[in-house]
Amino acid sequence: MIEINKLNQYYGQSHTLRDLSLNVLEGDCIAVMGRNGVGKTTLVECMMGLLPAKSGSIHFQGVDISHSSSERRASMGIGYVPQGRRIFPLLTVEENLKIGLPARQDKSKVIPEFIYELFPVLKDMLKRRGGDLSGGQQQQLAIGRALVIDPKLLILDEPTEGIQPNVVNEICDIIRKLNTDRGVTVILVEQKLPIARRVTDKFAILDRGSNVYSGLMTELDDKLIKKYLTV
């Protein structure tokens, strides 16, 4: 589905991604894990074209997208839910959702009904401004906006951060449903180990800007947790 090969990125003088390679297969549901500052958000922003990679390559479904715009990547079927949600607070829920429609391959101007089936609260609040929603509702809106393009790959950067527990559970269930029922390939950046284990089947651990270990979630043992994930 998406293949990253020897990706390098810098932030000032800091080498944030170091020859990072990662291969995500179609149908995968994988957690990208690691302590703060190891390059997780930098990686997904490079995948979405929000940061230009200094070197290395990114292929999506066999096509080199290393220098493609973020709009082009979205139109190819890559959905992105950024850390911190980044909805438009002065726009209505409906307007926030419609922002993604131009990236649809079929050029439909209608918000897909399955988004309301996943998030009934959004249908109830279509005319409310995004900034008037609770944190959990805003996160649901951010996910719904990414789903408007009916993505083949969905990238979520810490979607449960700062969300009340009941909504966290709902979001976890929806991510699993998207993967198992709709066949969406999922890359989940997640700090919380219980959530990663609940939602994903595979994992990749980043450390100092490199992918130091990838495998099945059942292989994530205490030794790896202590070495790479424990603060």
Side-chain angles (χ1 to χ4, degrees), residues 1-3 24-30 44-51 58-134 136-157 159 167 170-189 199:
M1 171 65 76
I2 191 163
E3 184 178 356
V24 179
L25 304 178
E26 185 173 354
D28 274 354
C29 189
I30 183 171
V44 296
E45 289 187 345
C46 284
M47 292 169 68
M48 276 308 302
L50 299 172
L51 282 177
I58 303 173
H59 286 78
F60 179 66
Q61 294 191 314
V63 178
D64 189 345
I65 61 170
S66 306
H67 303 291
S68 298
S69 67
S70 56
E71 292 81 7
R72 169 62 178 154
R73 299 181 202 208
S75 69
M76 294 176 70
I78 304 178
Y80 177 51
V81 182
Q83 187 177 28
R85 300 183 281 275
R86 300 185 201 170
I87 63 156
F88 296 94
L90 298 181
L91 298 183
T92 66
V93 168
E94 184 176 25
E95 289 168 338
N96 269 276
L97 291 173
K98 284 185 173 180
I99 283 173
L101 288 174
R104 286 185 61 92
Q105 291 184 346
D106 63 5
K107 303 305 179 185
S108 172
K109 299 184 183 301
V110 179
I111 298 167
E113 190 64 29
F114 81 89
I115 293 175
Y116 300 136
E117 294 170 0
L118 292 171
F119 302 111
V121 67
L122 298 183
K123 192 167 189 177
D124 295 337
M125 297 185 173
L126 279 177
K127 301 305 178 183
R128 292 186 64 176
R129 293 192 305 180
D132 294 335
L133 274 57
S134 69
Q137 291 165 346
Q138 288 183 10
Q139 187 62 73
Q140 293 178 72
L141 176 57
I143 297 173
R145 182 178 60 188
L147 293 177
V148 160
I149 67 170
D150 205 5
K152 303 166 187 172
L153 170 65
L154 181 63
I155 303 170
L156 305 105
D157 193 353
V167 180
E170 183 178 348
I171 288 173
C172 288
D173 291 342
I174 285 171
I175 295 171
R176 283 300 306 172
K177 186 174 183 179
L178 287 168
N179 178 246
T180 58
D181 294 357
R182 295 189 65 86
V184 179
T185 302
V186 174
I187 297 175
L188 172 68
V189 175
V199 173

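Because the structure is a prediction, the values reported are computed rather than measured.
Here the CD1-CZ distance, from Ile111 to Arg104, works out to 10.5 Å after rounding to the nearest 0.5 Å. Atom CG in Leu188 sits 10.0 Å away from atom CD1 in Ile30 (nearest 0.5 Å). Considering CD of Glu113 and CG of Leu118, their distance stands at 10.5 Å, rounded to 0.5 Å. Atom CG of Leu133 sits about 12.0 Å away from atom CD of Gln139, to the nearest 0.5 Å. Interatomic distance, Met125 CE to Thr92 OG1, rounded to the nearest 0.5 Å: 13.0 Å. Atom CE of residue Met1 and atom CD1 of residue Ile187 lie 9.0 Å apart, to the nearest 0.5 angstrom.
Looking only at side-chain heavy atoms (C-beta outward), Arg129 and Leu91 stay at 4.5 Å or farther from each other. Two residues are said to be in side-chain contact when any heavy atoms from C-beta on lie closer than 4.5 Å; Ile115 and Ile143 fail this criterion. Contact of the Gln137 side chain with the Val167 side chain is not registered, since no non-hydrogen atoms from C-beta on lie closer than 4.5 Å. Proximity of Ile99 to Val148: side-chain heavy atoms (C-beta onward) are nowhere separated by under 4.5 Å. Side-chain contact between Ile65 and Met47: absent, with no pair of heavy atoms (C-beta onward) separated by less than 4.5 Å. Taking the side chain as every heavy atom from C-beta outward, Val184 and Leu147 never approach each other to under 4.5 Å. Using a 4.5 Å heavy-atom cutoff, the side chains of Glu45 and Pro82 are not in contact. Using a 4.5 Å cut-off on side-chain heavy atoms (C-beta onward), Glu3 and Gln61 make no contact.
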I would like to know whether Ile2 and His59 meet side-chain contact (heavy atoms from CB on, under 4.5 Å); could you show each step before the answer?
CA-CA 6 Å; Ile2 191 163; His59 286 78; over 6 Å; no
Decide yes or no on side-chain contact (heavy atoms from CB on, under 4.5 Å) for Leu97 and Phe119, but give the supporting numbers first.
CA-CA 12 Å; Leu97 291 173; Phe119 302 111; over 6 Å; no
Could you go step by step and tell me if Thr185 and Val24 meet the side-chain contact (heavy atoms from CB on, under 4.5 Å) rule?
CA-CA 8 Å; Thr185 302; Val24 179; 3.7 Å; yes
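The side-chain contact (heavy atoms from CB on, under 4.5 Å) test with Ile171 is passed by exactly one of Ile174, Asp173, Ile175: Ile175.
Side chains of Ser108 and Asp106: no donor on one and acceptor on the other come within 3.5 Å.
Environment of NZ in Lys107: crowded, with over 12 heavy atoms of neighbouring residues, nucleotides or ligands closer than 6.0 Å. Counting heavy atoms of neighbouring residues, nucleotides and ligands inside a 6.0 Å radius, atom CZ of Arg72 does not exceed 12 of them. Enclosure of atom CD in Glu26 is not indicated, since only 12 or fewer non-hydrogen atoms of other residues, nucleotides or ligands lie within 6.0 angstrom.
Judged by distance alone, the side chain of Ser66 and the main-chain N or O of Ile58 form a donor-acceptor pair under 3.5 Å. Between the side chain of Asp28 and the main chain of Leu25, a donor-acceptor pair closer than 3.5 Å is present. Judged by distance alone, the side chain of Asn179 and the main-chain N or O of Gly27 form a donor-acceptor pair under 3.5 Å. A donor-acceptor pair under 3.5 Å links the side-chain atoms of Gln105 to the main chain of Ser75, judged by distance alone.
With sequence neighbours excluded, the residues satisfying side chain to side chain donor-acceptor pair (under 3.5 Å) with Lys127 are Glu94. With sequence neighbours excluded, no residue satisfies side chain to side chain donor-acceptor pair (under 3.5 Å) with Arg128.
Note on residues 138-153: pairs passing salt bridge (Lys or Arg N to Asp or Glu O under 4.0 Å), not counting sequence neighbours, are Asp150-Arg182.
When all heavy atoms of Gly131 and Ile87 are compared, the closest pair comes out as N-CD1, 4.3 Å. When all heavy atoms of Gly77 and Phe60 are compared, the closest pair comes out as O-CZ, 4.2 Å. Closest of all the heavy-atom pairs between Pro151 and Gly79 is CB-N, 3.6 Å.
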